[in-house]
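Working notes for the structure below.
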Amino acid sequence: MTGISASPTDVEGLWVIERAPIKDSRGSFCRVFEPSVFEEWGWDGPVRQVNHSCTAQRGAVRGLHFQLPPHDETKLVTCLAGEVYDVAVDLRRGSPTFLSAFGTHLSADNRKSLLIPRGFAHGFQALTDDVELLYLHDRDYAPTHEGGLLATDPRLGIDWPIPISQMSERDLTHKPIEDDFEGID
Ligand SMILES: Cc1cn([C@H]2C[C@H](O)[C@@H](COP(=O)(O)OP(=O)(O)O[C@H]3O[C@@H](C)C(=O)[C@@H](O)[C@H]3O)O2)c(=O)[nH]c1=O
């Protein structure tokens with residue numbers, strides 16, 4: 001009994017994961033990841049990185065980021081403190097949901113994660129101060145193959161829940177998607 005379950009989203013291959021805690025008088029315990037279980041939802045390789053980010057300010061947006069082939073990656077995004085609005089954008093060439101943005105709330109309290117397959121960009125907005133995210137990746141960090149989308153690109157129409165209070169210099173320089181962009185393979 002892993003206590004991990006997955007719900008499909010409207011976007012093929014993108015899953016909302018939920019973990020059920022085992023509680024006792026000390027607190028709780030729950031499993032976040034188990035390769036043999038996640039295989040069923042498309043995780044097909046080793047974990048190559050585990051990353052932890054802390055975001056101090058409510059309203060800050062990070063992303064949207066992706067890695068280009070051959071470094072395109074599957075990521076599991078989990079919120080360990082606070083709450084975020086987490087977004088994945090489908091960039092897969094030929095996908096029926098190409099350029100759709102799926103958003104969901106992840107928090108320490110709801111114990112949800114987003115499982116994002118290859119070919120997606122990812123970003124989030126901190127809805128509380130002092131947000132902490134934990135990332136599992138199935139590829140190494142490849143800064144030469146990083147791509148980014150502008151979080152406020154009208155073509156994506158992402159409805160960030162609260163006013164954006166902060167973005168990195170890099171994220172502010174991402175360009176809106178060009179009309180002839182057909183996606184990534
Ligand atoms: C992403 C990343 C960054 N870094 C370094 C580069 C830089 O000096 C510092 C901060 O990097 P960034 O500004 O890119 O951090 P951040 O904006 O938080 O990047 C993250 O954004 C979200 C939306 C994601 O989906 C993540 O995969 C990742 O791209 O950490 C690594 O060493 N390894 C990594 O895997």
Side-chain angles (χ1 to χ4, degrees), residues 4-18 32-51 53 61-79 84-106 112-125 133-161 164 167-168 170-185:
I4 304 172
S5 57
S7 309
T9 65
D10 294 342
V11 182
E12 197 207 328
L14 182 68
W15 297 85
V16 174
I17 308 293
E18 214 162 332
V32 174
F33 179 76
E34 188 172 1
S36 60
V37 173
F38 276 72
E39 265 174 20
E40 195 185 324
W41 308 316
W43 190 288
D44 59 4
V47 173
R48 303 288 302 213
Q49 297 180 71
V50 180
N51 293 320
S53 78
V61 167
R62 294 192 192 228
L64 304 142
H65 301 158
F66 56 98
Q67 290 198 159
L68 290 160
H71 300 279
D72 46 339
E73 55 183 354
T74 301
K75 288 184 206 180
L76 180 68
V77 182
T78 300
C79 181
V84 301
Y85 183 66
D86 208 59
V87 174
V89 176
D90 188 354
L91 299 180
R92 297 172 297 188
R93 187 191 299 266
S95 168
T97 50
F98 179 59
L99 293 188
S100 295
F102 173 87
T104 192
H105 290 250
L106 307 179
K112 288 183 179 169
S113 304
L114 194 61
L115 178 58
I116 305 173
R118 296 183 214 298
F120 282 71
H122 168 256
F124 69 90
Q125 182 173 44
L133 288 196
L134 184 78
Y135 297 91
L136 273 65
H137 306 250
D138 73 343
R139 290 278 195 267
D140 295 325
Y141 177 48
T144 53
H145 286 70
E146 275 183 312
L149 304 180
L150 187 63
T152 54
D153 186 339
R155 192 154 168 208
L156 297 174
I158 299 172
D159 193 10
W160 298 105
I164 297 176
M167 286 170 65
S168 70
R170 179 168 79 95
D171 286 345
L172 286 167
T173 65
H174 298 314
K175 300 279 177 287
I177 295 169
E178 292 182 5
D179 288 343
D180 59 357
F181 178 63
E182 289 183 350
I184 54 181
D185 292 312

What pair of heavy atoms forms the shortest contact from [X] to [Y], and how long is it?
{"X": "Trp41", "Y": "Ser5", "result": "CH2-C, 4.1 Å"}
{"X": "Ala88", "Y": "Leu114", "result": "CB-CD2, 4.1 Å"}
{"X": "Ala142", "Y": "Gln67", "result": "N-OE1, 2.9 Å"}
{"X": "Ala101", "Y": "Leu156", "result": "CB-O, 4.4 Å"}
{"X": "Arg93", "Y": "Gly183", "result": "NH2-O, 3.6 Å"}
{"X": "Ile184", "Y": "Gly119", "result": "CD1-CA, 4.1 Å"}

Determine, step by step, whether Leu99 and Leu91 satisfy the side chain to side chain contact (heavy atoms under 4.5 Å, CB included) criterion, reporting the C-alpha distance in whole Å, the side-chain angles of both residues, the deciding distance to 0.1 Å, and the verdict. CA-CA 6 Å; Leu99 293 188; Leu91 299 180; 3.8 Å; yes
Heavy-atom check, side chain of [X] versus side chain of [Y], under 4.5 Å:
{"X": "Asn51", "Y": "Leu134", "result": "no"}
{"X": "Arg92", "Y": "Val11", "result": "yes"}
{"X": "Tyr141", "Y": "Pro143", "result": "yes"}
{"X": "Val77", "Y": "Leu133", "result": "yes"}
{"X": "Val16", "Y": "Phe102", "result": "yes"}

Ring centroid separation Phe120 to Phe66 under 6.0 Å: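 They do not qualify: ring centres at least 6.0 Å apart.
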Are the side chain of Arg139 and the backbone of His71 linked by a donor-acceptor contact shorter than 3.5 Å?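 Judged by distance alone, no pair lies under 3.5 Å.
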Under the 3.5 angstrom rule, does the side chain of Thr9 hit a backbone N or O of Leu14 as a donor-acceptor pair?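 Yes, the answer is positive, given that a donor and an acceptor are paired below the 3.5 Å cut-off.
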Hey, can you tell me if His122 and Tyr135 have their rings parallel, tilted or perpendicular (30° and 60° cut-offs)? perpendicular
From [atom1] ([X]) to [atom2] ([Y]), nearest 0.5 Å:
{"X": "Leu150", "Y": "Leu172", "atom1": "CG", "atom2": "CG", "value": "8.0 Å"}
{"X": "Ile164", "Y": "Gln125", "atom1": "CD1", "atom2": "CD", "value": "6.0 Å"}
{"X": "Phe124", "Y": "Tyr85", "atom1": "CZ", "atom2": "OH", "value": "14.5 Å"}
{"X": "Trp15", "Y": "Leu76", "atom1": "CH2", "atom2": "CG", "value": "13.5 Å"}
{"X": "Lys112", "Y": "Thr104", "atom1": "NZ", "atom2": "OG1", "value": "5.5 Å"}
{"X": "Leu149", "Y": "Arg155", "atom1": "CG", "atom2": "CZ", "value": "10.5 Å"}

With sequence neighbours left out, what residues match Trp160 under ring-ring contact (aromatic ring centres under 6.0 Å, His included)? none
With a cut-off of 6.0 Å (strictly less than), are more than 12 heavy atoms of other residues, nucleotides or ligands near CG of Asp140?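 Check passes, neighbour count above 12.
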A quick test of your reading: do over 12 heavy atoms of other residues, nucleotides or ligands sit less than 6.0 Å from CD of Glu12?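 Open: at most 12 neighbouring heavy atoms sit under 6.0 Å from CD of Glu12.
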Can you confirm whether the side chains of [X] and [Y] place a donor and an acceptor under 3.5 Å from each other?
{"X": "His137", "Y": "Glu73", "answer": "yes"}
{"X": "Ser95", "Y": "Asp90", "answer": "yes"}
{"X": "His65", "Y": "Asp171", "answer": "yes"}

Test Val47 against Asp138 for side chain to side chain contact (heavy atoms under 4.5 Å, CB included), laying out the working first. CA-CA 5 Å; Val47 173; Asp138 73 343; over 6 Å; no
Can you list the steps and then say if Ile116 with Thr74 is a side chain to side chain contact (heavy atoms under 4.5 Å, CB included)? CA-CA 6 Å; Ile116 305 173; Thr74 301; over 6 Å; no
Any salt bridge linking Arg118 with Asp185? Criterion: basic side-chain nitrogen under 4.0 Å from a carboxylate oxygen.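 Looking at Arg118 and Asp185, the cut-off is not met.
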Verdict with supporting geometry, Ile158 and Leu64, side chain to side chain contact (heavy atoms under 4.5 Å, CB included): CA-CA 11 Å; Ile158 299 172; Leu64 304 142; 3.9 Å; yes
